[in-house]
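Below: the structure, in structure tokens.
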Amino acid sequence: MRVKALIIGAAGFVGGYLIDELDRNGQEVHATCLPNEKISGNCTAHTLDILKKDDISAILDDVKPDVVYHLAAQSSVALSWKKPRLTAEINVVGTLNVLEAVRECEKKMRLILIGSGEEYGFIREGACPLKETENLAPGNIYAATKACQGMLGGIYARAYGMDIVMVRAFNHSGAKQSPMFVISDFCKQIAEIEYGLKEPVISVGNLEAMRDFTDVRDVVRAYRMLSENGRSGQVYNVGRGQAVKISRILETALSYAKCGITVTQDKARMRAADIPLIEPDVSKINEDTGWKAEISMEQTIEDTLDYWREALRGNENV
Ligand code: A2R
């Protein structure tokens with residue numbers, strides 16, 4: 001039987017990739033976005049604000065999906081400091097609305113809750129690679145709301161026997177990502193420099209931090225595979241399982257540049273308390289689903305740079 005999937009919050013960076021992944025795998029894809037947003041990809045689009053619980057119920061009753069992927073979120077750490085209440089409303093109350101709507105729906109379905117590697121927060125020395133059993137010590141408001149989402153998911157799975165799988169996704173990147181994220185930021189600056197839109201100087205933050213980067217196409221494949229073979233009530237790290245220094249990302253990105261570029265460190269890009277190393281243990285997802293990251297970091301960087309070259313084409317000043 002053809003799997004019917006519903007993606008809640010599909011107009012963001014990950015949503016378009018997930019639509020493509022499920023569609024390519026022969027699934028019937030339904031996807032929601034806010035009234036002012038647009039969804040791209042082969043799917044049936046619905047409008048939904050997750051703060052309106054009855055509207056979630058109406059869509060579930062109408063679509064009767066086998067799997068629901070919950071991506072809708074206030075996903076910016078920076079904005080979570082400025083708008084803590086809004087972040088908590090969308091990420092916690094919104095998730096509760098989704099959980100309640102799924103619980104009340106007559107059709108039984110699997111719910112995939114997308115959380116974040118940020119949930120681990122202030123990790124103790126020697127804790128990496130982080131196992132899913134590691135304590136959570138969120139260091140920002142976004143992370144706290146995602147940790148709360150995961151806890152609620154665990155509670156609903158246990159208390160009501162619901163079929164819920166929780167994900168902690170580590171850094172993911174690719175074409176179309178906002179330049180608020182490091183790979184996209186470096187690639188955008190390089191494309192701007194190549195087109196003469198910026199001095200040949202790239203500004204960077206802390207290059208010593210080590211982070212775990214996965215291509216967004218691998219990440220959405222992980223979500224699909226978890227929907228097929230993840231164990232209910234369980235939490236899964238999704239990441240490459242091999243952190244790299246930001247300086248290596250920078251060197252790789254610069255090696256693809258078509259002109260000479262110098263590097264300058266920008267204090268505004270340094271974080272007050274940057275955790276030196278964040279790296280997940282990904283053996284659990286690998287053992288349960290067979291998933292592992294396949295696309296190299298070099299490929300992700302090349303594709304992201306090509307995306308920015310394309311996006312900025314026509315604005316050349318050379
Ligand atoms: O904030 P907007 O206007 O870009 O809209 C976001 C949307 N969203 C909502 N959808 C329904 N009801 C709401 N009340 C609501 N508030 C915000 O969810 C956006 O279109 C989508 C999330 O997409 P992004 O912010 O681009 O996140 P991304 O990178 O696609 O990550 C997907 C998930 C999120 O749960 C992240 O926290 C996690 O993966 O890492």
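First listed ligand is number 1; within each ligand, the first listed atom is number 1. Remember, it's a predicted structure, so these values are computed and weren't measured experimentally.
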Location of contacts on Lys146 toward ligand 1, heavy atoms closer than 4.0 Å: side chain
Does atom NZ of Lys292 have more than 12 heavy-atom neighbours, drawn from other residues, nucleotides or ligands, at distances under 6.0 Å? no
Report the part of Glu37 in contact with ligand 1, treating N, CA, C, O as backbone and CB onward as side chain, heavy atoms under 4.0 Å; options are side chain, backbone, both, neither. side chain
For Ser75, the ligand 1 atoms with a heavy-atom partner under 4.0 Å come out as 24 (P), 25 (O), 27 (O), 36 (C), 37 (O)
For ligand 1, the portion of Ala169 having any non-hydrogen atom under 4.0 Å away: neither
Geometric cation-pi criterion Lys188 and Tyr307, 6.0 Å radius, 45° cone: no
Tell me if the NZ atom of Lys131 is crowded by more than 12 foreign heavy atoms within 6.0 Å. no
Determine yes or no for a side-chain-to-main-chain donor-acceptor pair under 3.5 angstrom, with Lys284 supplying the side chain and Val235 the backbone. yes
Report yes or no: is the cationic atom of Arg103 (NZ for Lys, CZ for Arg) closer than 6.0 Å to the six-membered ring centre of Tyr160, at no more than 45° off its axis? yes
Protein contact of atom 12 (N) of ligand 1 - nearest heavy atom, named by residue and atom, plus distance: Ile50 N, 3.0 Å
Tyr142 heavy atoms, cut-off 4.0 Å: which ligand 1 atoms fall inside? 36 (C), 37 (O), 38 (C), 40 (O)
Distance alone, cut at 3.5 Å: any donor-acceptor contact between the side chains of Asp288 and Asn229? no
Out of Leu71, Asp55, Leu51, Ile8, whose heavy atom is nearest to atom 33 (C) of ligand 1? Leu71
Nearest neighbour of atom 14 (N) of ligand 1 from the list Val238, Val93, Asp49, on a heavy-atom basis: Asp49
Under 3.5 Å: N/O of Ile90 near N/O of ligand 1: no
Of Leu22, Asp62, Val68, Leu6, the residue whose pairing with His30 passes side chain to side chain contact (heavy atoms under 4.5 Å, CB included): Leu6
Look at atom 23 (O) of ligand 1 and say which protein heavy atom is nearest, naming residue and atom and giving the distance to 0.1 Å. Gly12 CA, 3.4 Å
What is the closest protein heavy atom to atom 39 (O) of ligand 1, and at what distance does it sit? Ile114 CG2, 3.3 Å
Candidate with minimal heavy-atom separation from atom 17 (C) of ligand 1, of Ser76, Ala73, Ala72: Ala73
Identify the protein heavy atom lying closest to atom 26 (O) of ligand 1, giving its residue, its atom name and the separation to 0.1 Å. Phe13 N, 3.0 Å
Honestly, for Leu48 the part within reach of ligand 1 (heavy atoms, under 4.0 Å) is backbone
Determine whether the side chain, the backbone, both or neither of Val14 has a heavy atom under 4.0 Å from any heavy atom of ligand 1. both
Give a yes or no on this: more than 12 heavy atoms of other residues, nucleotides or ligands lie within 6.0 Å of atom CZ of Arg85. no
Cation-pi between Arg168 and Tyr120: NZ/CZ under 6.0 Å from ring centre and within 45° of the ring axis? yes
Tell me the contacting part of Ser116 for ligand 1: side chain, backbone, both, or neither, using a 4.0 Å heavy-atom threshold, strictly below. neither
Correct closest heavy-atom pair for Ala253 and Phe186 would be CB-CB, 4.4 Å
Looking at atom 21 (C) of ligand 1, what's its closest protein heavy atom, distance included? Gly9 O, 3.9 Å
Does only the side chain of Leu34 get under 4.0 Å from ligand 1, or the backbone, or both, or neither? Count heavy atoms. side chain
CA sep, side-chain torsions, deciding dist, call: Tyr195, Asn315, side chain to side chain donor-acceptor pair (under 3.5 Å): CA-CA 7 Å; Tyr195 285 152; Asn315 298 305; over 6 Å; no
